[in-house]
Q: 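After the structure tokens below, expect a handful of questions from me.
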Amino acid sequence: GPFDLGAQSERWAAFQARHRLSCEEAARLLLDAYEYRGLVRHTGGCHCGAVRFEVWASADLHVFNCNCSICTKKQNRHFIVPASRFKLLKGADNLTTYTFNTHRAQHTFCKTCGVQSFYTPRSNPDGYGIAPHCLDDGTVQTIVTEDINGKEWEKAVKEHKTIRDMSKP
């Protein structure tokens with residue numbers, strides 16, 4: 001419901017009008033800016049445009065290059081974010097999922113063009129692995145790539161100091 005903004009009421013109304021935002025949209029923008037300090041809003045999607053998403057992450061990405069059987073075949077390089085920093089904007093009905101082995105990883109891809117722009121990684125089932133090459137231009141400053149020995153997945157994840165916690169807010 002309505003809330004009292006006191007002396008900020010006029011400023012709030014002017015901000016909404018200037019940016020053509022509803023009260024909810026303006027509040028979301030404010031909350032995003034506060035909660036995601038130091039992060040940027042990246043947008044991206046599949047090749048045909050049927051699937052679109054936004055993700056809040058650093059402009060400087062830490063990307064994993066895994067050599068497990070599926071990542072090798074798909075050339076799947078990705079960075080991991082908590083689920084709270086990811087939002088599917090459109091295309092839920094155009095996604096399909098492939099699983100294998102433990103069925104923990106959810107390899108989602110567009111039914112139309114076949115591009116996997118994000119997925120749910122086995123190492124972080126409460127987060128998303130985002131393909132940096134599926135992000136729109138203009139928000140990524142640098143990419144540092146780290147090789148992960150996915151051929152020995154259990155050992156690699158056990159020995160990695162941070163990978164399991166990358167989906168924690």
Side-chain angles (χ1 to χ4, degrees), residues 25 28-29 31-151 153-154 156-169:
E25 290 168 329
R28 179 172 183 244
L29 185 65
L31 289 169
D32 285 348
Y34 181 78
E35 289 179 347
Y36 303 139
R37 281 179 298 206
L39 303 178
V40 297
R41 179 181 173 263
H42 303 280
T43 58
C46 67
H47 184 260
C48 71
V51 176
R52 297 289 300 160
F53 65 88
E54 72 176 23
V55 61
W56 287 87
S58 174
D60 302 303
L61 301 178
H62 184 117
V63 173
F64 292 104
N65 181 32
C66 179
N67 68 351
C68 76
S69 62
I70 194 164
C71 287
T72 297
K73 296 263 186 199
K74 292 190 309 180
Q75 294 293 295
N76 180 27
R77 291 173 185 87
H78 60 278
F79 62 97
I80 299 171
V81 298
S84 63
R85 294 187 188 158
F86 175 88
K87 181 178 181 184
L88 184 62
L89 300 174
K90 78 174 202 176
D93 57 337
N94 214 55
L95 289 171
T96 191
T97 303
Y98 171 71
T99 66
F100 68 101
N101 194 13
T102 66
H103 302 283
R104 289 194 65 199
Q106 303 291 305
H107 299 275
T108 51
F109 58 96
C110 175
K111 292 178 188 178
T112 304
C113 66
V115 169
Q116 175 183 288
S117 50
F118 63 89
Y119 81 111
T120 304
R122 181 176 167 194
S123 65
N124 285 263
D126 53 347
Y128 288 94
I130 311 297
H133 51 273
C134 289
L135 296 178
D136 298 333
D137 291 338
T139 55
V140 176
Q141 288 182 352
T142 63
I143 295 177
V144 173
T145 303
E146 177 183 357
D147 290 336
I148 295 291
N149 185 8
K151 290 181 180 178
W153 191 88
E154 286 80 8
V157 172
K158 182 179 179 183
E159 291 175 357
H160 198 281
K161 294 182 182 6
T162 61
I163 198 167
R164 284 191 183 269
D165 295 327
M166 294 190 125
S167 60
K168 305 292 184 252

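Numbers here simply count residues along the sequence, with the first being 1.
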Q: If I compare all heavy atoms of Gly127 with all of Thr120, which pair ends up nearest, and what's the gap?
A: O-CG2, 3.7 Å
Q: Where do Cys48 and Cys110 land on the side-chain contact (heavy atoms from CB on, under 4.5 Å) test, with the steps shown first?
A: CA-CA 9 Å; Cys48 71; Cys110 175; 3.7 Å; yes
Q: State whether a side-chain donor-acceptor pair under 3.5 Å links His133 with Gln75.
A: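 Absent: no donor and acceptor within the cut-off.
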Q: Ion pair present between Asp136 and Arg41, side-chain N to carboxylate O less than 4.0 angstrom?
A: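 So Asp136 does not pair with Arg41 through a salt bridge.
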Q: Counting N and O atoms only, with roles assigned by atom type, does the side chain of Lys158 sit under 3.5 Å from a partner on the main chain of Trp153, one being a donor and the other an acceptor?
A: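 Not at all, since once roles are kept as given, no pair shorter than 3.5 Å links the two residues.
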Q: Would a 4.5 Å heavy-atom cut-off, applied to side chains only, mark Val51 and Ser117 as touching?
A: yes
Q: Look at the rings of Tyr98 and Phe100 and say which category their plane angle falls in: under 30° parallel, 30 to 60° tilted, over 60° perpendicular.
A: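 Taking Phe100 first and then Tyr98, their aromatic rings lie parallel (interplane angle under 30°).
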Q: I'd like to know if the side chain of Thr43 reaches the main chain of Glu54, judged simply by a donor and an acceptor atom lying under 3.5 Å from each other, with no hydrogens or angles considered.
A: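 No, the answer is negative, given that no donor and acceptor are paired below the 3.5 Å cut-off.
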Q: Are any non-hydrogen side-chain atoms of His107 and Ile70 less than 4.5 angstrom apart?
A: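 His107 reaches Ile70 side chain to side chain.
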Q: Taking C-beta and beyond as the side chain, do His160 and Ile148 meet within less than 4.5 Å on heavy atoms?
A: yes
Q: What is the distance from atom OG1 of Thr99 to atom CD of Gln106, rounded to the nearest 0.5 Å?
A: 6.0 Å
Q: Validate the cation-pi geometry between Lys74 and Tyr119: distance from NZ or CZ to the six-membered ring centre under 6.0 Å, angle to the ring axis within 45°.
A: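 Checked: cation-pi criterion met.
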Q: Within the structure provided, determine whether Cys66 and Asn76 are in side-chain contact (heavy-atom separation under 4.5 Å).
A: no
Q: Has Gln141 got a side-chain atom pairing as donor or acceptor with Gly138's backbone, closer than 3.5 angstrom?
A: no
Q: Using every non-hydrogen atom in the two residues, find where Gln116 and Cys134 come nearest and quote the distance to one decimal.
A: O-SG, 4.1 Å
Q: Residues in salt bridge (charged side-chain N to carboxylate O under 4.0 Å, His left out) with Arg104, at least two apart?
A: none
Q: Could you give the distance from OG1 (Thr139) to CG (Leu61), rounded to the nearest 0.5 Å?
A: 8.0 Å
Q: Which residues satisfy the ring-ring contact (aromatic ring centres under 6.0 Å, His included) test with Trp56, sequence neighbours excluded?
A: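 Partners of Trp56 under the ring-ring contact (aromatic ring centres under 6.0 Å, His included) test: Tyr36.
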Q: Tell me whether Thr108 contacts the main-chain N or O of Phe118 through its side chain, where contact means a donor paired with an acceptor under 3.5 Å.
A: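 Between the backbone of Phe118 and the side chain of Thr108 there is a qualifying donor-acceptor contact (under 3.5 Å).
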Q: Determine whether a donor-acceptor pair (N or O, by modelled atom type, separation under 3.5 Å) exists between the side chain of His42 and the backbone of Ser58.
A: yes
Q: Can you tell me how far the CG atom of Leu88 sits from the CG atom of Leu95, to the nearest 0.5 Å?
A: 6.0 Å
Q: Might you work through the side-chain contact (heavy atoms from CB on, under 4.5 Å) test for Val115 and Phe109, ending with a clear yes or no?
A: CA-CA 5 Å; Val115 169; Phe109 58 96; over 6 Å; no
Q: So which atom in Pro125 and which in Ser123 form the shortest heavy-atom distance, rounded to 0.1 Å?
A: CD-C, 3.6 Å
Q: Please round to the nearest 0.5 Å and tell me the distance separating atom CZ of Arg85 and atom CD1 of Ile80.
A: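 These two atoms lie 12.5 Å from each other.
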Q: Once side chain to side chain donor-acceptor pair (under 3.5 Å) is applied, do any residues pair with Asn124, and if so which ones, sequence neighbours excluded?
A: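 With neighbours one apart ignored, the set is Ser167.
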Q: Please round to the nearest 0.5 Å and tell me the distance separating atom CG of Asn101 and atom OG of Ser69.
A: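 Going from the CG atom of Asn101 to the OG atom of Ser69 covers 8.0 Å.
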Q: Between CG of Asn94 and OG1 of Thr112, what distance do you get to the nearest 0.5 Å?
A: 4.0 Å
Q: If the threshold is 4.0 Å, N to carboxylate O, is there a salt bridge linking Glu154 and Arg122?
A: yes
Q: Would you check if Val140 and Val40 make a side-chain contact, meaning some heavy-atom pair closer than 4.5 Å?
A: no
Q: Which pair of heavy atoms, one from Cys46 and one from Ala50, lies closest together, and at what distance?
A: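 Smallest interatomic distance, heavy atoms only, reads SG-N, 3.5 Å.
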Q: Is the backbone N or O of Gly150 less than 3.5 Å from a side-chain atom of Asn67, with the two atoms forming a donor-acceptor pair by type?
A: yes
Q: Do the non-hydrogen side-chain atoms of Phe64 and Asp147 ever get within less than 4.5 Å of each other?
A: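 Sidechains of Asp147 and Phe64: no contact.
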Q: With no hydrogens and no angle check, just 3.5 Å: does a side-chain donor-acceptor pair link Thr145 and Asn65?
A: no
Q: Does the ring pair (Phe, Tyr, Trp, His ring centres under 6.0 Å) test come out yes or no for Phe86 and Phe53, once each step is laid out?
A: CA-CA 7 Å; Phe86 175 88; Phe53 65 88; 5.6 Å; yes
